[in-house]
Each structure stands twice: as structure tokens, then as C-alpha cells.
> 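If you scroll down you'll find the structure; I have some questions about it.
Fair warning: this is a prediction, and the values are worked out from it, not measured in the lab.
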Amino acid sequence: MGKRKAGWKFLSIHRDELKFTIPLFFLYFLSGSFYTVGQIYSESLFLKAYGAQGLSRFFIYNGASLILCGIFYNLFMLRLTLRRGYLLLVGVFTALIVASRAIDPREAPWLPFALYLGNYLCTFFLDLHFFNFIFQYLDLRNSKRIVPFLMGGGKFGGIIAGLLFFSLAHRNPADWGLVLWGINGALLFLPLLLLKKVRPSGGRGTGRAGTGEDASGAGLLKRLEREIRVTYSSSIFSWTVALVFAVSITNQISEYYFMSVFNQAFPTQNELASFLGVYTFCADLLTLGLQLFAVSRFIKLAGVPVANGIYPASFIGIMVFFITFPAVTAGVLLRFFRKNLSLLIRTPVFNIIMAASPRDRLAEVKSFINGIVSPLGMVAGGVLIHFIFRSLDAFQGYALTLTVGFCAMACALGQNRAYMRSLRGHLSTALPPPGLSASGGVVDTVSLEDDPDGAYLNITEALFTGSPGLDLAELLLPHFRSLSPETREKVP
């Protein structure tokens, strides 16, 4: 009993939270395996049917579909309770997967494209709905402990699914891939049904996804117009939108190049699926370890501005390596950049920077970024891929790709400057005058609360890490003693 108690304490889970935390963990575990099974099966099928060149049309269709389905989600799904919406999504997606089993690919050449597109849409909206759904059970305080635990469940599900694909490498995935995908989808019902319905009490959600806003077409247009105006009302928002758009393009181009290499290196779907299973197992296991033990420490030591430049800089560096040695190793690095480094570095740094932005407009800007900017970047990436393999030679394609990478780097630098200005604004209004201390009733440093993933940004430490100028250093020096030992060592 003592060991069990110590185990839950290590995982930062309280006894009274187990009744909803365990089902939510298995729900996201199954979601992670659902995504991985669908990704490996549909990706290997798609590449053998269309080749990497098919990605240009795919990304254009995918970006447009995300926007249209997002409108449908806002018009219809937000009118349902979160629980009913979740059950409907799982039911529809699972039914479509099972139904596709009855279609003969020889009579339906569009099937590989539809399955690959469907996997992207399924996982996007299941993930979106999951993070709406869980806050019926979580509040801002316990979410800081529980959400990282749930995220680990999703990654663990991907690891198990990758290992499963590798263990079945001797069999053709065309024979069993859809069956495994459909079974995985059906299993998502179990944790959903185990979770008790939530009553609107205790400060938690009401169980309904609606926001109270007009969900009609005219209401959505007004909301879109307002989000665009809000985006340009702050430099940190403007640079963030530009960076997300540029990074979305680099992501699509990186997929084109590593899929080109993999499609040539592994001639059959069986070999490709087996390789992707091994890659997913190894890469996700490494990612999970880094997430648990290294990423937060690295961001704290390097500082947010430096960490923010790592993602576009990595793209440029890996592309240079790919141009020099266009082999499987370079393809693996590009895939790790696209599938794993975005989770390790890009996502937490994005959340930290957004936490320093004007809080009253943050939700609208995030909605605009996820619903419009990112899909438009996907469409733009598809258009550029079309030019790369249709109109440009290899050298011109590489030049265009590196240009996009440097544009993303420039946007990251602009976002860093806007981020530091935003922190200075918080500092000037939040920190006490020099000479006052916590013992005098005033707290020396101020924390910014991030989205409910539990991340906190200490403004004073971030500003010291950012190499402040003389004017800002004068404001910061009275608070030097409140810094952590790690930050003090970095201050010259």
C-alpha cells in the first residue's frame, strides 16, 4: 500500500483524482495508438500509390478540409455536450474505417488518398475535442500536474503501436492494417463509457462545448473578422502568425523530401510499414524520455529566445545535410524534425511565448492560428511542393526550400523581439519598486500562467536570461537575489 501511494505521488496524482485520471489516461493512450496505426498504414499505402509527388495535392486538400471541417465543428459539434460530441466523433470515424474495408482498392484508386486524408482529419479533431473534453474533470490547478501525465499516455500509445507494426512485419499490412485501425477506434468507446457524466459544479466545465456566441455563418464571419483585427493589434501576435505560417510550410516541404527518400529506399508497402514502425517506436521512446527529463531544463538553461530559434535553425541545418547526403539517414533526421522536434521544442516554446501576450485576446488569436493560419500554411506548402517537383530542378528546389527556412528564422527573431518587449511591459507594471521585498508584503517576481498544461514563466528570470540592456538592467538588479541558482550562474 505504501509503494502504491508513493507511485501515485511520484506521478503527482491524488487519490480522489484517480476515478477520472485513469480513464482519461487510457483514452489518450488509445488515441495515440489510433493515430500511429492510421499514420503508418495510410502513409505506406499512400506513398506506394501516389509517391511523394502526391503530397502537393494532398496538402492542398488537407488544408482546405481542415478549414471546412472546422467550420462544421463550430456550427454543429459545439451545440452538443462534449461527451455526446466525443462519442459521435469516435463512432463516425470508426464506422468509416470499417466501411472502407469493404471497398476494393483496385476498383477505387482514390482510396489511399482518402484514407491518408481521413487519418489527418480524424486525429486533428479527436485531439482538439480531447482537450476540450478533459477540462470538465480538471481545473487550472490540478491540470498542471495531470495534463503532462495524460500526454505521456498518448506518446506511450504511439510507442506500443510502432512496436506492433514491427512485430507483424512478416505480414502484408494491407491484410490487417484496416482491421487493427478499426479495432483501435472501437476501443476508444471503453474509457469514454467508464467516465462518469459531469455535473456543472466545483468550478469545472458544464459539459457543453458551446461558447455562448452566435454559431451561425454570419456569426463565424464576424468572429473571423474580429480575430484578424486582434491579430494585428499586437506585434507579438503578428509575428506569431507569420512564424506559424512559415513553419507550416517548412513542415510540408520536409515531409515531401523525407517521403521521397523512404519511398525509394523501401520498394514495398510491407517494408515501408515495417521501417515506419521501427522509427516510430524508437523516435517516440526518445521523445518521451526527453520530454520527461530534458526539455524543460534545456529551455530554462538556454532561454526562450534561443530555444525559439532552434526549430527553424534545425530545418536549415538538416536540409543542408540532406542536400549533401540525400540518403535514409537524412530522411530520418527530417522526419524527426517534422514529427518529434515540433513536440519537443516548438510546442512548449510557443505556449511560453503566448503566455507573455495580452491575455484578453489570447483565445481568439489561438483560434485564428489553429483554424485558419496553420491550414493556409499547409495549402501554401502543397503549392510550393508542386513547383519543386514540376517546375524546378533539384538545385532550384533546394534554394527555394532554404529560402523558406531563412524566412521562418527571420520570423522567429521578430517574435523574440516582440516577446521581450511584452515581458518588459509586464515587468514595468507588475514588479514592485526597487527596495521592496516579499517580507514587505510585495512579491519580488511575477509568474505568468500558461495554458492548462502547467507551464509557468518567471518574468524576472526570463528577462535576465535574455541579456537585458542597461536601461532594463537597472530595473532588474534589485531583484537579482530572488533568482534561482541556475539563472544566477548565467548572468555575467
Side-chain angles (χ1 to χ4, degrees), residues 55-56 58-60 62-63 66-67 70 120 123-124 127-128 227 231-232 234-259 287 295 299 302 304-322 333-357 362 365-385 387-388 397-419 451:
L55 288 173
S56 62
F58 170 78
F59 286 132
I60 293 172
N62 193 30
L66 284 173
I67 294 174
Y120 264 80
T123 52
F124 178 85
D127 213 46
L128 174 67
E227 288 173 352
T231 297
Y232 292 101
S234 169
S235 63
I236 193 171
F237 288 149
S238 301
W239 281 112
T240 298
V241 165
L243 179 59
V244 168
F245 183 77
V247 164
S248 183
I249 296 175
T250 64
N251 287 343
Q252 315 322 316
I253 294 177
S254 67
E255 286 207 35
Y256 166 72
Y257 280 119
F258 72 66
M259 283 190 175
T287 300
V295 172
I299 293 176
V304 173
V306 172
N308 192 37
I310 285 177
Y311 195 70
S314 297
F315 175 75
I316 296 170
I318 295 173
M319 274 307 305
V320 170
F321 182 78
F322 181 88
L333 291 175
L334 275 176
R335 188 177 179 90
F336 188 84
F337 162 83
R338 172 65 181 95
K339 303 293 185 181
N340 301 88
L341 194 63
S342 58
L343 294 174
L344 286 171
I345 298 295
R346 179 70 199 136
T347 299
V349 170
F350 171 82
N351 286 330
I352 290 172
I353 290 177
M354 293 302 283
S357 61
L362 180 58
V365 173
K366 276 197 168 184
S367 174
F368 179 63
I369 287 173
N370 293 329
I372 302 295
V373 177
S374 188
L376 285 179
M378 187 174 290
V379 172
V383 172
L384 286 183
I385 291 173
F387 280 112
I388 288 172
Y398 292 147
L400 177 60
T401 299
L402 291 176
T403 299
V404 174
F406 281 111
C407 287
M409 191 70 198
C411 291
L413 295 175
Q415 189 188 40
N416 284 344
R417 289 194 296 270
Y419 166 71
D451 290 345

> So, using side-chain hydrogen bond (donor to acceptor under 3.5 Å, both in side chains) as the criterion, who are the partners of N370 when residues are at least two apart?
none
> Restricting to side chain to side chain contact (heavy atoms under 4.5 Å, CB included), what partner residues turn up for V295, sequence neighbours left out?
L290, I299, L344, P348
> I'd like to check the ring-ring contact (aromatic ring centres under 6.0 Å, His included) partners of F58; sequence neighbours left out, ordered by chain and number.
F46, F113, Y116, Y120
> Residues in side chain to side chain contact (heavy atoms under 4.5 Å, CB included) with S238, at least two apart?
Y232
> Going by the side chain to side chain donor-acceptor pair (under 3.5 Å) test, which pairs reach into residues 405-416, not counting sequence neighbours?
T240-Q415, N308-Q415, N308-N416
> For R338, check salt bridge (charged side-chain N to carboxylate O under 4.0 Å, His left out) against everything at least two apart and list the hits.
E255
> Please list, chain by chain and in numerical order, all residues satisfying side chain to side chain contact (heavy atoms under 4.5 Å, CB included) with L384, sequence neighbours excluded.
I249, I253, L400, V404
> Could you grab the distance from atom CG of N351 to atom CZ of R346, nearest 0.5 Å is fine?
9.5 Å
> Distance check, rounded to the nearest 0.5 Å: Y256 atom OH versus L55 atom CG?
9.0 Å
> Look up atom CG in L128 and atom OG1 in T123, then write down how far apart they are to the nearest 0.5 Å.
11.0 Å
> For T287, what residues pass the side-chain hydrogen bond (donor to acceptor under 3.5 Å, both in side chains) criterion, not counting sequence neighbours?
N340
> Provide the closest heavy-atom pair for I67 versus P375 in the form atom of the first, atom of the second, distance.
CG1-CB, 3.6 Å
> Closest approach of A307 and I345, non-hydrogen atoms and distance?
O-CG2, 3.5 Å
> Rounded to the nearest 0.5 Å, what separation is found between the CE atom of M409 and the CD1 atom of I310?
9.0 Å
> If the condition is ring-ring contact (aromatic ring centres under 6.0 Å, His included), which residues does Y257 pass it with, not counting sequence neighbours?
F322, Y398
> Could you tell me which residues satisfy side-chain hydrogen bond (donor to acceptor under 3.5 Å, both in side chains) with S235, sequence neighbours excluded, listed by chain and number?
R421
> Output all residues satisfying side-chain hydrogen bond (donor to acceptor under 3.5 Å, both in side chains) with Y311, sequence neighbours left out; order by chain, then residue number.
N251
> Quick one: OG1 on T347 to CD1 on I352, what's the gap to the nearest 0.5 Å?
11.0 Å
> How many angstroms lie between atom SG of C411 and atom CZ of F406, to the nearest 0.5 angstrom?
13.5 Å
> List the steps, then state whether side chain to side chain contact (heavy atoms under 4.5 Å, CB included) holds for M319 with L334.
CA-CA 8 Å; M319 274 307 305; L334 275 176; 4.0 Å; yes
> Check the pair V383 / F387 against side chain to side chain contact (heavy atoms under 4.5 Å, CB included), numbers first and verdict last.
CA-CA 7 Å; V383 172; F387 280 112; 3.7 Å; yes
> With sequence neighbours left out, write down each residue that passes ring-ring contact (aromatic ring centres under 6.0 Å, His included) with F321, or none if nothing qualifies.
F325
> So, does S248 use its side chain to make a donor-acceptor pair with the main chain of M378 at under 3.5 Å?
yes
> Taking all non-hydrogen atoms of both residues into account, name the closest pair between S314 and F337 and its distance.
CB-CD1, 4.2 Å
> Restricting to non-hydrogen atoms, name the atom on T250 and the atom on A408 that form the minimum distance, rounded to 0.1 Å.
CG2-CB, 4.4 Å
> Looking only at heavy atoms, what is the nearest atom pair of G382 and F59, with distance?
CA-CB, 3.8 Å
> Should I236 and M354 be marked as a side chain to side chain contact (heavy atoms under 4.5 Å, CB included) after you check the CA-CA gap, both sets of side-chain angles, and the distance that decides it?
CA-CA 8 Å; I236 193 171; M354 293 302 283; 5.7 Å; no
> Set out, in order, the CA-CA distance, both residues' side-chain angles and the distance that settles side chain to side chain contact (heavy atoms under 4.5 Å, CB included) for T401 and F315, then state yes or no.
CA-CA 10 Å; T401 299; F315 175 75; 3.5 Å; yes
